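Quick notes on the structure that follows.
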Amino acid sequence: MATDIATPRASSNIVIVGHVDHGKSTLVGRLFYDTDSLPEGRYAAVARVCEETGKPFEFAFLLDALEEERDQGITIDTARARFHTARRDYVLIDAPGHKEFLKNMVSGAAAADAALLLIDAAEGVQEQSRRHGYLLHLLGIRQVVVVINKMDLVGYRQRAFADVRRAYLDFLAALGVHPQAVVPVSAREGDNIAAASARMPWYDGPTVVEALDAFAARPSREHLPLRFPVQDVYKFDHRRIIAGRVEAGAIAEGDTILFTPSGHRGVVKSIERWHPSRTGPARAGESIGITLTEQLFIERGEVISHLADAPRAGAELRANLFWLGDRHLAPGRPYVLKLATQEVPCAAAGVSGVINTATLEHVAAHEVAKNEVATVTLALKTPVAYDCFTDIVETGRFVLVDGYDVAGGGIVLPPVEDDYTI
Amino acid sequence: MEHLDALENQSIYILREAYKKFKKLAMLWSIGKDSTVLLWLARKAFFGHCPIPLVHIDTSYKIPAMIAFRDQLAREWSLRLIVGQNTAALADGMGPERGRLTCCTALKTEGLQLLMAERGFTGLILGIRRDEEGTRAKERYFSPRDKHFEWNYKDQPPELWDQFKTDFDADTHIRIHPLLHWTEIDVWEYIRREAIPIIDLYFAKDGERYRSLGCWPCTGRVKSNAATVEEIIAELRATNTSERAGRAQDHEDTYAMQKLRAKGYM
Ligand SMILES: Nc1nc2c(ncn2[C@@H]2O[C@H](COP(=O)(O)OP(=O)(O)O)[C@@H](O)[C@H]2O)c(=O)[nH]1
Ligand SMILES: [Mg+2]
């Protein structure tokens with residue numbers, strides 16, 4: 001289908017993370033205000049609330065919409081809002097910085113293409129600054145800009161900026177994270193947000209808006225090997241349709257395909273769409289259906305690939321895992337692993353390298369507590385199809401469900417034998 | 001991938017997850033543009049069929065044209081339509097003069113609650129969007145409600161990598177929001193692209209149109225000359241006013257929507 005100039009552009013998801021009170025919500029509010037992205041009346045409504053409660057104007061309230069959030073000046077849950085610069089459309093994800101709400105921060109960060117890591121110039125690097133930096137890295141977010149906020153509190157001095165900058169860059173470097181820019185700002189006063197600040201003439205790097213626009217667009221997954229997890233099988237009419245979303249690569253009529261882990265093979269008879277905006281092969285990101293030339297018994301969970309470049313299959317996974325559950329992750333306890341559309345009971349067979357994400361210290365433990373990270377080996381009840389996270393992201397990550405709730409997430413590492421080349 | 005395609009593919013994925021995971025599933029159809037787009041997306045997800053029953057909560061204060069449009073589309077698209085009404089509250093004289101928030105809670109929230117209990121639905125699909133207002137901006141795609149229908153916005157489950165909350169206690173139900181990531185303008189762009197039939201109350205007559213549809217006593221028209229989808233899109237590009245500006249219940253007090261939604265309002 002032809003696109004015209006009025007068609008909205010693809011948007012980029014940016015998460016704003018950092019320690020509580022360092023000014024994340026204020027920065028997001030400011031970005032909206034300075035780029036004219038606020039609906040009419042929103043500014044006035046916040047001004048009224050602040051006046052009624054005798055507070056100075058809070059940009060943070062533009063995002064912190066809940067009464068409890070405003071009363072306590074704390075973001076409880078992630079808010080997402082659309083905004084745009086001259087160059088691109090964005091979804092800004094304002095994440096909470098409070099340790100208690102880490103699961104909400106992770107929910108926001110997991111959806112991001114890039115991140116702004118915010119630090120208070122006066123307070124410097126704090127517990128959540130480190131923890132968030134670590135988690136972003138684990139979640140696979142490689143595009144990062146550090147924003148050093150509240151420069152007004154340190155007299156806009158270059159020296160104060162340089163000290164915080166060095167301390168945080170040292171920490172991030174130890175994780176292998178290399179920010180694209182470090183921007184000194186005052187979110188409250190609007191320095192270096194959308195326009196360069198006259199109060200920091202010593203700084204000649206990008207403003208926050210320029211730094212956002214410099215992030216690379218999300219890479220296309222079309223050139224990767226085909227991964228098409230079966231979501232469901234429908235028989236609403238004469239067709240028996242295998243439905244799902246192409247997570248990587250592309251699939252076309254006539255392709256010979258392999259189902260993992262069952263090992264079935266088939267040939268694609270048709271690509272099914274209703275009222276389609278396009279026809280032909282289905283590419284990464286498309287939710288479509290296929291029919292086969294011969295009927296097979298296929299169930300949700302199987303991952304379709306081409307014969308070459310199939311995913312791995314196995315009943316044991318080695319992974320880097322972060323834990324959000326109140327109950328510790330402990331060897332032997334039953335969990336359910338959800339990877340793509342597969343769901344399999346599992347247990348942790350081995351736990352090693354438990355790390356306190358605030359200090360990066362190793363914890364000598366065989367259980368993983370809330371907010372900790374570890375390397376685990378999972379023993380699965382039945383084999384699953386998977387990839388290493390570094391090869392194909394969508395089939396290289398999973399969550400663990402404890403009871404009714406998602407309690408942790410992980411990224412798949414290469415099997416241990418791959419580490420040793422003979 | 002083009003923007004509208006990306007939105008559409010994500011919504012289809014969510015609808016299919018909901019259909020797979022909930023045996024007792026329903027979709028709320030308010031007859032407005034969002035839930036009508038949602039219905040269209042369901043037909044995309046299920047290849048021209050809508051295997052999920054639609055629920056309409058009739059407060060008795062709906063604009064008559066909405067009911068006519070509903071019944072016509074239901075016939076043409078062979079939809080399974082379930083109409084719910086809090087008849088006890090209506091018999092007792094419930095109406096907006098008793099207080100807007102009281103009325104919304106009784107006729108909409110409780111009307112829905114009664115119907116859900118009667119039919120035993122455990123999953124309910126709704127067409128809310130994050131850009132509508134502040135508390136919706138914090139919603140999850142799969143969002144649990146407890147047995148009192150309450151939303152615990154202070155302690156929401158994690159949601160990452162499209163792994164949704166589909167395991168839950170017997171007493172609770174899950175709200176599913178496949179349009180959460182769309183904006184008002186996205187919805188209209190999509191209506192244009194797909195040529196989706198939309199109730200004509202949205203199109204201007206005599207210099208006024210509805211931008212958001214609800215009950216007639218509490219929904220106002222906005223000044224507008226936009227009489228086609230094309231003109232509505234042009235108008236939205238030029239305006240900054242929020243969509244729900246014409247919905248009186250939102251403006252009763254600063255946290256009106258939070259209070260309504262915490263109690264199970266859509
Ligand atoms: N002086 C000063 N205060 C700021 C600045 N940015 C934010 N604040 C204040 O810091 C407090 C916490 O901000 P908030 O955005 O809620 O922090 P968050 O917890 O990181 O979201 C609020 O009182 C803000 O007004 C700034 O640039 N300078
Ligand atoms: Mg905040």
Side-chain angles (χ1 to χ4, degrees), chain A residues 1 3 6-11 36 38-42 45 48-49 63 65-68 76-82 89 91 103-104 106-107 110-111 231-232 234 236-237 239 241 243 245 272-275 277-278 283 285-287 289 300 324 336 338 397-399 401 403-406 409, chain B residues 1-6 8-13 16-17 19-20 40 43-49 51 130-131 133-135 137-138 140 144 153-154 156-165 167-169 180-181 183 185-186 189 193-194 233 237 239-243 245 254-255 257-259:
Chain A
M1 161 163 165
T3 52
T7 304
R9 305 157 293 180
S11 57
D36 268 340
L38 285 177
E40 192 183 292
R42 186 76 82 90
R48 200 173 51 239
V49 170
L63 274 294
L66 301 174
E67 189 168 13
E68 293 82 350
I76 293 174
D77 211 329
T78 300
R80 298 187 196 197
R82 294 273 198 90
D89 290 344
V91 177
K103 66 180 169 43
N104 298 341
V106 167
S107 300
Q231 196 176 3
D232 209 343
Y234 302 136
F236 294 124
D237 46 40
R239 298 166 295 179
I241 299 177
R245 180 169 65 190
E272 297 289 336
R273 299 174 173 102
W274 185 79
H275 211 278
S277 61
R278 63 194 291 179
R283 293 181 267 178
E286 280 189 72
S287 287
R300 174 182 163 99
L324 305 168
V336 172
K338 289 187 172 186
R397 62 191 181 190
F398 61 86
V399 299
V401 178
Y404 294 129
D405 280 312
V406 169
Chain B
M1 179 176 288
E2 204 255 319
H3 180 66
L4 291 177
D5 287 328
E8 175 192 75
N9 282 306
Q10 176 71 3
S11 300
I12 292 175
Y13 188 81
R16 288 177 178 168
E17 283 301 282
Y19 181 62
K20 180 72 198 176
W40 184 264
R43 297 170 83 215
K44 283 226 174 187
F46 307 111
F47 303 97
H49 305 268
R130 286 202 180 98
D131 75 324
E133 48 82 40
T135 70
K138 295 181 182 283
R140 300 282 195 263
Y153 50 80
K154 283 185 267 185
Q156 300 199 71
E159 183 168 271
L160 59 154
W161 301 332
D162 285 346
Q163 298 293 356
F164 305 116
K165 180 166 174 72
D167 307 285
F168 54 95
D169 230 319
L180 207 54
H181 53 296
T183 63
I185 203 154
D186 293 333
E189 302 258 8
R193 183 181 98 170
E194 303 282 314
I233 291 169
R237 284 191 188 288
T239 175
N240 247 340
T241 325
S242 83
E243 176 182 8
T254 307
Y255 303 106
M257 195 41 71
Q258 173 180 343
K259 288 171 189 158

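It should be emphasised that the depicted structure is a prediction, and the values quoted were computed from it without experimental measurement. Letters go in sequence order (proteins before strands), and every chain restarts at 1. Atom set for the values below is all heavy atoms of this structure, side chains included, hydrogens, waters and symmetry mates excluded.
- Both the backbone and the side chain of B:Lys20 come within contact range of chain A, judged by heavy atoms closer than 4.5 Å.
- Ion pairing of B:Glu189 with B:Arg237 is present here, as a side-chain N (NZ or NE/NH1/NH2) and a carboxylate O approach within less than 4.0 Å.
- Salt-bridge check for B:Arg43 with B:Glu194: failed, with every basic side-chain N at 4.0 Å or more from each acidic carboxylate O.
- Looking at B:Asp162, only its side chain comes within 4.5 Å of chain A, counting heavy atoms on both sides.
- The candidate with the highest count of non-hydrogen atom pairs below 4.5 Å against chain A, out of B:Glu159, B:Lys154, B:His49, is B:His49.
- The two atoms that bring B:Leu4 and B:Arg193 nearest to each other are CB-NH1, 3.8 Å, heavy atoms only.
- Between A:Phe236 and B:Tyr19, the ring planes are tilted. Angles from 30° to 60° get that label.
- Of the possible donor and acceptor atoms, none in the side chain of B:Lys44 sits under 3.5 Å from a partner among the backbone N and O of B:Asn9.
- B:Thr183 and B:Asp186 are linked by a side-chain donor-acceptor pair at a separation below 3.5 angstrom, with hydrogens and angles left out of the test.
- Only the side chain of A:Val49 comes within contact range of chain B, with heavy atoms under 4.5 Å apart.
- Checking side-chain atoms of A:Glu272 against main-chain N and O of A:Arg239 turns up no donor-acceptor pair under 3.5 Å.
- For A:Val401, the part lying near chain B is the side chain, with the backbone staying farther off; criterion is any non-hydrogen pair under 4.5 Å.
- Between chain B and the residues A:Lys103, A:Lys338, A:Gln231, the largest count of heavy-atom pairs under 4.5 Å involves A:Gln231.
- The parts of B:Phe46 that come within reach of chain A are both its backbone and its side chain, each placing non-hydrogen atoms under 4.5 angstrom from that chain.
- The greatest number of non-hydrogen atom pairs below 4.5 Å with chain B, out of A:Asn104, A:Val106, A:Val336, is found for A:Asn104.
- When heavy atoms are compared at a cutoff of 4.5 Å, B:Tyr13 approaches chain A by way of both its backbone and its side chain.
- Contacts of A:Arg48 with chain B are absent, with no heavy-atom separation under 4.5 Å from either backbone or side chain.
- Contact annotation for A:Ala243: both backbone and side-chain heavy atoms come within less than 4.5 Å of a heavy atom of chain B.
- Residue with the most contacts toward chain A among B:Gln10, B:Gln163, B:Glu8, B:Arg16: B:Arg16 (heavy-atom pairs, distance under 4.5 Å).
- Nearest heavy-atom pair, B:Ser11 versus B:His181, reported as atom, atom and distance to 0.1 Å: OG-CE1, 3.4 Å.
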